[in-house]
Amino acid sequence: MPKPTDTDSPAIQGDIRLDSSVKSTMYYIGGVPVHFPFVPYPSQLGMMNHMIRALTKAQNTMIESPTGSGKSLALLCATLAWRQSFVVRQRKMQENVRQIITRFCMHNTMLLRSRYGSNGTDTDPDKKPDADPDKKPDAMETDGLEKPDIFSNNYSFVTLQARAQTLQSETVDFILDTSKKQTLVGLSKDDLATLGEYQDAGKSATQRPRIFFGTRTHKQVAQLVNELRSKTPYRLRTAVLGSRAQTCTHPKAKRAESVDDTCRQLRDDNNCGAYTGFRRVLGSKKLAEGGELEIWDLEDIVSVARPLVACSYYASRELAATAKLVFCPYNYILDPAVRKAAGIELEGNIVILDEAHNIENAARDAGSFEVSDLQLASLAHECSGMFDHGILRNEHLVLKSLADTLAAWLQRDGAAFEYCDYETQTSVWPKPECSVDTLLTDLALTPDYISQVKSAQAKIEDYIASLRTQSNEHGPEDPELLPRDKHVSAGALRVVEGLLRVLKHVAHGSKFATDFRIAVVRHPNPELRTSLKRKRQSAFESKPAFINTLSFWTMNPGVVFSEIAEQTRSIVLTSGTLSPLDSYASELQVDFASTLEANHVIAPSRFCALAVECGPSGVRLEAKYRTSDQLEFQDDVGEAIRAIAARSPDGMLVFMPSYALLNKLIARWEATGRLAEIRSHKTVFVEPQGGTKDQFDKLLLSYRKHLSEPNETGAVMFGVFRGKVSEGIDFSDHFCRTVVNIGIPFPAFKDVKVMLKREYNNEHTMLLNGSKWYDIQAFRAVNQALGRCLRHKDDWGAIIMLEARFVQNANIARLSKWVRGHMHVFGRFEDAKQYLDAFYDERISEDAKDMPQVLDAEENVTIVLDE
């Protein structure tokens with residue numbers, strides 16, 4: 001029988017559809033057909049090629065591409081195109097393997113019967129296909145063949161052949177092993193090579209990789225969803241994971257201080273009709289394949305769930321279990337507890353982390369855990385209540401003992417603190433006189449005791465699960481099936497779960513035992529600060545003056561990230577500002593086989609980057625701790641800002657290393673009249689320290705509104721590196737024509753965590769030394785601020801470094817590729833100002849020329865649409 005070819009059977013399709021109503025062109029990139037909505041920029045072609053090669057080789061990669069270069073669109077199209085191609089290749093291979101097994105069975109009947117017949121040495125008539133009883137349904141998609149009921153004692157040829165096909169992996173192993181001992185009739189060398197390829201592929205021969213696309217915020221998730229459905233032709237089952245705060249519609253939960261805890265309580269008390277009916281959302285035609293909301297975001301699913309009186313939060317989780325592409329904030333992937341709660345399975349799948357410039361810090365935070373004495377007291381109180389009600393008394397007593405022991409130790413008198421600042425006192429282990437092992441022994445946190453706590457936690461969770469099952473069986477008609485006095489809260493269990501997770505890591509002999517620092521942090525109770533509460537002494541007389549927090553800080557982001565890397569097929573880190581790239585591999589303990597630093601899509605003539613050593617009066621502009629207090633420095637920086645504001649059109653952003661310096665300069669300029677001069681050219685806005693999200697949103701809206709109205713001045717926003725203005729906000733076109741950076745934002749030198757991290761890196765030679773790690777944190781913050789302007793190919797703007805240290809080549813080299821290759825260095829401010837003025841004049845002149853052309857083009861489009 002001739003070997004089958006692809007033409008012997010109908011064309012094999014993937015499982016992602018293409019929407020013909022969305023205009024796109026197909027490009028072959030890295031051997032994969034990619035459908036793209038327009039002619040890609042060179043940087044997009046480079047990104048897609050780089051991405052496809054990494055996914056094909058199952059490698060991890062990093063991609064830095066400037067904001068405005070179409071990064072998100074390129075990543076989505078490349079990933080989905082690769083997955084489509086991969087699934088087609090999988091199906092072709094499986095079909096080839098199926099036909100090879102069929103020929104083997106036809107020509108080697110005796111071997112088939114010896115293997116799967118009643119006399120076979122490894123044969124069991126009742127043997128079932130391999131299965132993992134603990135595997136969650138749909139946790140990973142497979143192309144398993146249909147499995148008929150063939151495990152009976154009827155050993156006809158048809159039954160044996162069906163058994164061989166059903167136990168496909170086992171049959172392939174048997175054929176390959178047998179082929180080493182004898183020649184198999186009907187099979188060629190190419191057939192055996194195909195089976196060998198299938199065997200080498202292992203799980204990847206049948207598992208269809210799912211894609212988890214994480215980014216920093218819910219807003220950025222919504223932007224990704226919009227890119228996918230409005231600009232690409234790819235249509236597939238997607239889902240979005242979000243918080244209860246984003247999706248819950250229950251009026252009581254929405255008003256509560258903690259939406260999460262109130263939601264859980266309403267659910268457990270069976271007092272949420274939306275929860276009991278969340279599956280109604282799953283049947284919505286809008287969300288079905290081909291529906292108008294097949295690709296949806298959180299607002300969409302809330303709009304579907306609300307009229308159905310159904311819970312969009314639990315519906316979104318259910319939909320995510322079977323989605324091929326899942327969008328979420330990246331803490332859902334990084335944090336082990338959140339990942340478990342969300343049901344995210346990473347084995348063999350693809351993880352893309354966008355806006356990943358802060359991923360090292362985010363991973364360290366995810367691997368750390370903190371619990372206050374107030375939380376421990378609450379846990380002990382709840383466990384005491386369960387004990388009094390006779391519910392799992394031994395188990396709740398174990399947890400109460402743990403909480404009481406740790407709370408008493410935190411609140412002990414005479415505790416010594418080696419780190420003290422204005423309000424906070426901190427003590428850290430290990431100490432020269434006390435190791436972590438000694439501390440754990442003193443607290444009676446022995447391996448046996450921790451094992452008891454773990455066992456108690458498991459039994460309590462099983463008990464609560466059984467109560468919930470009973471509630472579901474009785475239905476919503478039966479009230480109060482899970483009253484509050486029948487089980488401890490979800491918050492209490494999270495405390496226990498967090499403690500067990502970090503205690504496992506810090507225990508003697510653990511792989512990560514030396515990667516943690518245990519700390520006790522004491523700070524004033526914030527509830528006693530407000531003047532309103534001070535007037536009502538009786539309302540808080542029992543409240544403690546201080547709060548004591550037990551902290552387990554991981555110095556090693558690899559504690560959580562290496563576990564992710566071990567499970568996934570590929571990890572892709574991407575951002576507009578990953579530079580400097582040096583530390584990611586060592587810090588995350590992940591091998592990145594390739595990196596890409598893409599060029600900007602904006603023509604070099606549309607932006608200028610300047611580094612200025614001295615101010616208008618000749619003062620060296622070096623915003624260090626000592627020099628920033630000098631009035632000459634403060635005045636010269638103010639005059640430089642005034643001069644730039646006088647010529648910069650539209651919006652202007654100014655970033656400083658800290659709120660302390662920002663407030664200091666604003667106060668000085670107010671006193672000298674310099675701020676009034678700046679106001680004569682620009683309306684001034686200042687980013688507030690702290691404050692609520694609503695307050696910042698109002699400030700940002702005022703800034704944008706001012707720039708959207710006809711006026712002659714424009715506006716300037718003063719902010720800080722790592723602040724809200726510098727992270728993730730789009731200041732395109734007239735919202736920002738100039739970015740001015742003052743200083744270099746090194747992390748707070750005296751911050752306890754920073755000091756501990758520097759010491760840790762110096763102790764581990766495989767990592768960057770503490771000083772280099774410290775420097776990298778600063779330059780990443782600078783690069784992030786630079787990305788606030790120049791947001792698309794037709795944008796333009798100026799970047800000005802009012803900092804003498806940026807005239808040094810070593811520091812320029814730490815900037816993103818698209819900036820460092822175009823940096824102009826000036827010793828005198830006057831020379832820089834002359835160059836900057838010429839740039840502004842040229843760009844304003846070009847805009848004036850282009851304006852009539854843009855209007856004509858818009859009018860032509862309107863006429864065509866009317867026809």
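All values below were derived from every heavy atom in this structure, side-chain atoms included, with hydrogens, water molecules and symmetry-related copies excluded.
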Do any side-chain atoms of residues 42-57 form donor-acceptor pairs under 3.5 angstrom with protein atoms, and if so which ones, sequence neighbours left out?
from : atom 1 : to   : atom 2 : distance (Å)
Q44  : OE1    : Y41  : N      : 3.0
Q44  : NE2    : G70  : O      : 3.1
N49  : OD1    : R53  : NE     : 3.3
H50  : NE2    : T61  : OG1    : 2.6
H50  : NE2    : S594 : OG     : 3.2
T56  : OG1    : I52  : O      : 2.8
T56  : OG1    : W82  : NE1    : 3.2

Charged tip of R83 within 45° of Y234 ring normal and under 6.0 Å:
no
Pairing of D297 and R229 as salt bridge, 4.0 angstrom limit:
yes
Among all residues two or more places apart in sequence or in another chain, which pass the salt bridge (charged side-chain N to carboxylate O under 4.0 Å, His left out) test with E318?
none
Taking the six-membered ring for Trp, are F36 and F38 closer than 6.0 Å centroid to centroid?
yes
Side chains of T577 and Q784: is there a donor and an acceptor less than 3.5 Å apart?
yes
Do R210 side-chain atoms and N349 backbone N/O form a donor-acceptor pair below 3.5 Å?
no
Any chance you could lay out the side chain to side chain contact (heavy atoms under 4.5 Å, CB included) test for S583 and E360, step after step, and finish with the verdict?
CA-CA 9 Å; S583 68; E360 293 175 14; 2.6 Å; yes
Closest non-hydrogen atoms of G367 and T554, given as atom of the first, atom of the second and distance, are C-CG2, 3.7 Å
Rounded to the nearest 0.5 Å, how far apart are CG of L319 and CZ of R237?
8.5 Å
E299 atom CD, over 12 foreign heavy atoms within 6.0 Å
no
Test your reading of the model: is there a side-chain donor-acceptor pair from S85 to the backbone of A81, 3.5 Å cut-off?
no
Testing the 3.5 Å rule here: is there a donor-acceptor pair between the side chains of R780 and S575?
no
Is there side-chain contact between V304 and S312, with at least one heavy-atom pair below 4.5 Å?
no
Tell me, please, which residues at least two apart from D19 pass salt bridge (charged side-chain N to carboxylate O under 4.0 Å, His left out).
R235
Parallel, tilted or perpendicular: which describes the rings of H218 and Y332, with under 30° parallel and over 60° perpendicular?
perpendicular
Any side-chain to backbone donor/acceptor pair from Q90 onto S204? Under 3.5 Å, distance only.
yes
With the threshold set at 4.0 Å, does a side-chain nitrogen-carboxylate oxygen contact exist between R98 and E95?
yes
Which heavy atom of I352 sits nearest to which heavy atom of T574, and what is that distance?
CG2-CG2, 4.4 Å
